[in-house]
Amino acid sequence: MSKNYYITTPIYYPSAKPHMGHAYSSIVSDFFARFKRIEGFNVYFLTGTDEHGLKIQRAAEKNKKEPLKFCDEISNTFKDLSKTLNLSNDDFIRTTEKRHHISVQNLWNILEKKGEIYLSKYSGWYSVSDEAFYAEDEVEEKNGVKSSKVSGSMVEWVEEESFFFKLSKWQNKLLELYEKNDKFILPKSRRNEVISFVKSGLKDLSVSRKSFSWGIQVPTNKDHVIYVWLDALTNYLSALNYPNTKDNLYKDYWPCDVHMIGKDILRFHAVYWPAFLLAADLPVPKRIYGHGWILSGDEKMSKSKGNILDPLEIINEYGLDPLRYYLLKEVSFGNDGNISKDKLISCINSDLANNFGNLCQRVMAFTEKNMSLQVPKNINFNEEDLKILNKFSDNYDNLIDYINNQNINSYMNFIVDQMFIANKYFNDQEPWKKKNNLKRLNSIIYTSLELIRKISILLYPVIPNSSLKALNIFNITEEQINIESIKNNKFLESGTNIKKIDILFKKVLSND
Ligand code: MSP
């Protein structure tokens, strides 16, 4: 079995600074990347910015800047956000980089040589905001304004010479692909949407534009730039230096394990992208996961709606790990979710401060006072101890399965349950009353420390900084974290010194 794992976020439009929706796609992808690393995989985690097309050209014009200069500035805010979110990405691709141009033009040449592209004329609707073509029946008129029924974005009429990709030809092959691999598109509901869209009939796709120049030139016709989605999707290959295979990145990591995207861009990833690849005779990705939206009230958070929540503001006020924890635990993954300050505060207080934080503080305070900050010796687990310790090894396969099926909520529920159980165990065992029974006392404290260790490891992909702070008690460094070790109940070496713990999470006072 291959021990390589490739996961990507969407590449973001640097048309305005990032918001919570972008942070969400990145944080969930980072969660999987981190888990797979501690599972022992060589992970390649990619994020970046999507810098060509009319949307960016117009945004630059509005700001009276050269497109590249404009992109340089905003792309940097996305790069900074990656650091602020503590993303463990291995690369950050910009579609204005040379390596990307080479890849895109190479893919174009292959498609053209294979007869998959032809020159004709496009006349129809185009949404600059989505950078998407819409058919007549996908467009509606409200108050004299035409917009897409699919996304709600305004559309404009376009009539120009254009190259077309023979998408219609790939309809059956795509349906076969969805049929053969029923987890190619997840969650299931999204898969069904895509299948019915493809079954309703695919038309050939316009893949070049002539009326503006901010893009990658069609190699065989200098009057055209390549359609921004064909350009953007290829980032997943260009980051692996495709078609250059010398450094083995392409060989090791393609096909991609998961393209993590928002449901708004499913059609591009689950229909157009595999069709381009099939036509070029390249392997298709293994999975496209279309997550839900972070809503503001009932609406999608987006710049055009003016309802955005700035992740930096939230992080400054409450900290990064609480935000990561909230987004991973409180949003039902795959569905839309809401974020509000009140919900975030109650999550910090109940789960992080009262539950996990409190467990660590109590156990450590007791160990400091009664065991001179040493992992106890002379232990003998009783049935109760083993019952809760074994929960981790018994559920090991389930946890791996949750991750491989992007089932974040079951993974989180498991951790939350174990946090409650561990707190209850410490209360019920009443170690403060066992000072005359040293063996029992040692076993209770050993078990409690082991539980903290196991829970902290499972929390690493969720709240890496806090998990590392907790694991630091045992001198466990990031490089040493290994998911296999949660199966081992006698991991901590008796007699070794442990360190004091800093307060992990402070309770937040609600405004009301
Ligand atoms: N540039 C394209 C993607 C190209 S990928 C080859 C694009 N960019 S975007 O900046 O508009 O949005 C990127 C992604 O951000 C969305 O697909 C989605 O994953 C995420 N989100 C943007 N707004 C969102 C919410 N309100 N909620 C959750 N995620 C959303 O589309």
Side-chain angles (χ1 to χ4, degrees), residues 7-30 46-56 59 71 74-75 77-78 81-82 85 87 92-96 100 103-104 107 127-132 150-153 190 215 226-239 256 258-274 276-277 285 288-311 323 326-328 330-339 406:
I7 182 162
T8 63
T9 73
I11 50 170
Y12 305 103
Y13 288 129
S15 50
K17 62 183 181 83
H19 62 65
M20 195 59 83
H22 304 130
Y24 182 65
S25 286
S26 289
I27 288 172
V28 294
S29 307
D30 186 60
L46 176 70
T47 187
T49 42
D50 178 1
E51 308 190 4
H52 292 131
L54 201 47
K55 179 176 170 119
I56 302 296
C71 289
I74 305 197
S75 179
T77 66
F78 278 92
L81 183 72
S82 306
L85 298 177
L87 301 188
F92 185 103
I93 186 138
R94 297 184 54 189
T95 55
T96 42
H100 180 70
S103 255
V104 172
L107 184 59
S127 156
V128 178
S129 168
D130 305 343
E131 295 283 20
V150 184
S151 67
S153 310
R190 304 262 139 73
I226 296 175
Y227 173 41
V228 64
W229 272 101
L230 173 51
D231 167 342
L233 289 160
T234 310
N235 90 89
Y236 303 130
L237 285 175
S238 56
C256 182
V258 189
H259 289 316
M260 185 57 68
I261 56 163
K263 63 180 182 180
D264 45 336
I265 52 174
L266 195 59
R267 190 185 289 188
F268 307 97
H269 282 80
V271 182
Y272 302 166
W273 182 225
F276 296 147
L277 292 166
I288 316 287
Y289 193 100
H291 66 66
W293 287 333
I294 299 299
L295 304 177
S296 181
D298 291 336
E299 282 192 318
K300 183 188 178 209
M301 197 177 288
S302 74
K303 193 199 150 228
S304 48
K305 294 204 169 83
N307 59 1
I308 61 170
L309 201 58
D310 183 350
L323 173 67
Y326 178 92
L327 291 174
L328 290 162
E330 296 293 321
V331 178
S332 152
F333 194 54
N335 298 319
D336 293 346
N338 234 292
I339 176 164
Q406 287 73 45

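Keep in mind the model is a prediction, meaning the values are calculated, not measured. All ligand and atom numbering here is 1-based and tracks the order in the structure.
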Can you tell which part of [X] has a heavy atom less than 4.0 Å from ligand 1: side chain, backbone, both or neither?
{"X": "Ile294", "result": "both"}
{"X": "Glu131", "result": "neither"}
{"X": "Trp229", "result": "side chain"}

Checking [X] side chain against [Y] main chain: does a donor-acceptor pair fall under 3.5 Å?
{"X": "Thr8", "Y": "Leu46", "answer": "no"}
{"X": "Glu131", "Y": "Leu54", "answer": "yes"}
{"X": "Ser103", "Y": "His100", "answer": "no"}
{"X": "Lys55", "Y": "Ser129", "answer": "yes"}
{"X": "Ser332", "Y": "Asn335", "answer": "no"}
{"X": "Arg190", "Y": "Gly334", "answer": "yes"}

(Q) Against Ser75, only a single residue in Thr95, Asp50, Thr49 fulfils side-chain hydrogen bond (donor to acceptor under 3.5 Å, both in side chains); can you say which? (A)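 Of all the options given, the one that passes is Thr49.
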
Quick one: which of [options] has a heavy atom closest to [atom]?
{"atom": "atom 18 (C) of ligand 1", "options": "Ser25, Pro14, Ala23", "answer": "Ser25"}
{"atom": "atom 30 (C) of ligand 1", "options": "Ser29, Gly21, Ala16, Gly337", "answer": "Gly21"}
{"atom": "atom 1 (N) of ligand 1", "options": "Thr49, Asp50, Leu295", "answer": "Asp50"}

For the pair [X] and [Y], name the ring-plane relationship: parallel under 30°, tilted 30 to 60°, perpendicular over 60°.
{"X": "Phe268", "Y": "Trp229", "result": "parallel"}
{"X": "Tyr272", "Y": "Phe276", "result": "tilted"}
{"X": "Tyr289", "Y": "Phe333", "result": "parallel"}

Taking only non-hydrogen atoms of [X], do any sit less than 4.0 angstrom from ligand 1?
{"X": "Met20", "value": "no"}
{"X": "Gly292", "value": "yes"}
{"X": "Lys263", "value": "no"}
{"X": "Met260", "value": "no"}

For ligand 1, which atoms sit closer than 4.0 Å to a heavy atom of [X]?
{"X": "His291", "value": "19 (O), 28 (C), 29 (N)"}
{"X": "His19", "value": "22 (C), 23 (N), 24 (C)"}
{"X": "Asp264", "value": "16 (C), 17 (O), 18 (C)"}
{"X": "Ile261", "value": "19 (O)"}
{"X": "Ile265", "value": "3 (C), 17 (O), 31 (O)"}

Would you say [X] has any N or O atom under 3.5 Å from an N or O of ligand 1, going by distance alone?
{"X": "His269", "value": "no"}
{"X": "Tyr236", "value": "no"}
{"X": "Gly262", "value": "yes"}
{"X": "Ala232", "value": "no"}
{"X": "Tyr24", "value": "no"}

Q) Once you round to the nearest 0.5 Å, how far does NE2 of His291 lie from CG of Asp336? A) 10.5 Å

**Q.** Check: Phe92 ring centre within less than 6.0 Å of Phe78 ring centre
**A.** no

